[in-house]
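Naming: A, B, ... by sequence-line order, numbering from 1 per chain.
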Protein chains: 2
Amino acid sequence: MAKNTPRREQALTRERIIEASISLLDSRGESGLTFRALAEELSTGAGAIYWHVANKNDLMTAACDALVARTLEVPVIEAAPQDVIRAVALGMFDAINAHPWIGSALARAPWQSPIVRLLERLGQQVRAMGVAPAGQFAAVSALLSYILGVSGQNAANAQIGKELGGDREAILAQVAAAWSALDADAYPFTRSIAPQFREHDDRADFLAGIDLILRGMALPG
Amino acid sequence: MAKNTPRREQALTRERIIEASISLLDSRGESGLTFRALAEELSTGAGAIYWHVANKNDLMTAACDALVARTLEVPVIEAAPQDVIRAVALGMFDAINAHPWIGSALARAPWQSPIVRLLERLGQQVRAMGVAPAGQFAAVSALLSYILGVSGQNAANAQIGKELGGDREAILAQVAAAWSALDADAYPFTRSIAPQFREHDDRADFLAGIDLILRGMALPG
DNA sequence: ACCTGAACACCGTTCAAGT
DNA sequence: ACCTGAACACCGTTCAAGT
């Protein structure tokens, strides 16, 4: 055996670990990211990964951060601040739809790097909108919380969808049917909204919520 | 041994299991809820619990639902719809502050019973506000997503706070310091907001976000 | 400095067997 | 019908030992 035979094609780096994590998360879902699976994918031992990564939480946050960075990388179009905010929000919505695990990862990373990226992007636009300095943090925080809330729900929906076989139409119909069967006295609103729910468009409703907040922000006072 | 000696004081019921789960979650945090710990608490075997509960997810959702139900149980004060919405939202905020694990449980229970309780309460008020039927679902959905987003972040904050020793002041200061140290070109907004963040009031900002959405909803069209 | 892989201390869930 | 508890198939994480 030559002594300088490399043990593998590429050296094990934090970046390679993160990339492998993303592809594992995308292909096998949240429960598919395992130190053992990762080690096999990278042709190494489970313990080796700990040299580059503190723990699983660190790994998830890093994977999430990499995708959020990519999502926000798109060139900033010259547009009204409100439109940029809409674009950023929709970009996140689409990214989470494509990689549902980001939703759960974001929920567990309070004020960490992926969130800060978003905060910065939204904040610059909120400032450009002319929101008073004293209200800027609260305004950005509201946008952020809303986006994260939708993210989390969408991630959970996707998870359940995968478990139940994936047919979105069927799941919506099932939920709508359950709502229609609720007690008429206790749940009048939910019952009445069931048909609307069945045909609702997550993306359109998401944007409607963003617009609600933006409209509230644009008002004086 | 008499044959009719009861094996334990009380029979094992779904309710007792849920109560024990809540107290375990409150005292030991999210990772403290374990079938083994639960079994010991209830003087039974781990497997016995499965007779009354489908799985851990079912258990978490049920525990969450019980607390949400209690939170929404408070008598509806005769007040303007906006004020009732504020009160409901604040009630949820405080409940999640007291039991951070609700935040994570809610995030994983899309359109399940705890969420439906909230949906109903908010929906009745949105309708009372006079929002057009076609916009009611989107409006409630926005409020709901926002509340869940804040919930999730708060739950994660509490989790990290517990891990790091619990001093909120110190954690805020630490995050603010990290933000101030960010690259000046890439993160101008985050840097500028750091002092504000250090002294921000989660509850006040939460309410400010609710008001933003309510204001947006009250506008025509 | 970086990697190996066995070992540790857990998990949720199942299921034959009991009452 | 309800409960027992051992067993199964996993986890994340650590660490002595290697290169």
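You'll find the ring centres of Trp179(B) and Tyr187(B) outside the 6.0 Å limit.
Between the NE2 atom of His52(B) and the P atom of dT13(C) there is a distance of 16 Å, rounded to whole Å. Between the CD atom of Glu40(A) and the C1' atom of dC11(D) there is a distance of 16 Å, given to the nearest Å. If you measure from atom CD of Glu30(A) to atom P of dG12(D), you get 12 Å, rounded to the nearest angstrom. As rounded to whole Å, 15 Å separates atom C1' of dC11(C) from atom CG of Asn57(B). Between Arg16(A) atom CZ and dC3(C) atom C1' the separation is 13 Å, expressed in whole Å. The distance from atom CG of Asn55(A) to atom P of dA9(C) is 20 Å, rounded to the nearest whole Å. As a whole-Å value, the separation of Phe35(B) CZ from dA9(C) C1' is 19 Å. Taking atom CG on Leu12(A) and atom P on dG5(C), their separation rounds to 13 Å, with Å as the unit.
Asp65(A) has no carboxylate O lying under 4.0 Å from a charged side-chain N of Arg70(A), or vice versa, which leaves the two without a salt bridge. A salt bridge between Arg191(A) and Asp185(A) is absent, with no side-chain N of the basic residue lying under 4.0 Å from a carboxylate O of the acidic one. Salt bridge absent: Lys56(B) and Glu30(B) never bring a charged side-chain N and a carboxylate O closer than 4.0 Å.
Using a 4.5 Å heavy-atom threshold, the side chains of Trp101(A) and Gln159(A) count as separate.
The shortest distance between the side-chain N/O atoms of Thr44(B) and the OP1/OP2 oxygens of dC3(D) is not below 4.0 Å.
Searching all strands for a Watson-Crick or G-U wobble partner of dT19(C) with both distances below 3.5 Å returns dA1(D). Nucleotide dT14(D) is matched to dA6(C) when pairs are restricted to Watson-Crick or G-U wobble geometry with both distances under 3.5 angstrom.
Comparing dC2(D), dG12(C), dC8(C) by their nearest atom to the side chain of Tyr50(B) picks out dG12(C). Closest contact between the side chain of Trp51(A) and the listed nucleotides dT4(D), dC11(D), dA1(C) involves dA1(C).
Among the atoms of the strands shown, only primed sugar atoms or phosphate atoms (P, OP1, OP2) are found under 4.0 Å from some heavy atom of Leu33(A).
Judged by closest nucleotide on DNA chain C, Ile49(A) is the one of Ile49(A) and Arg36(A) placed further toward the 5' end.
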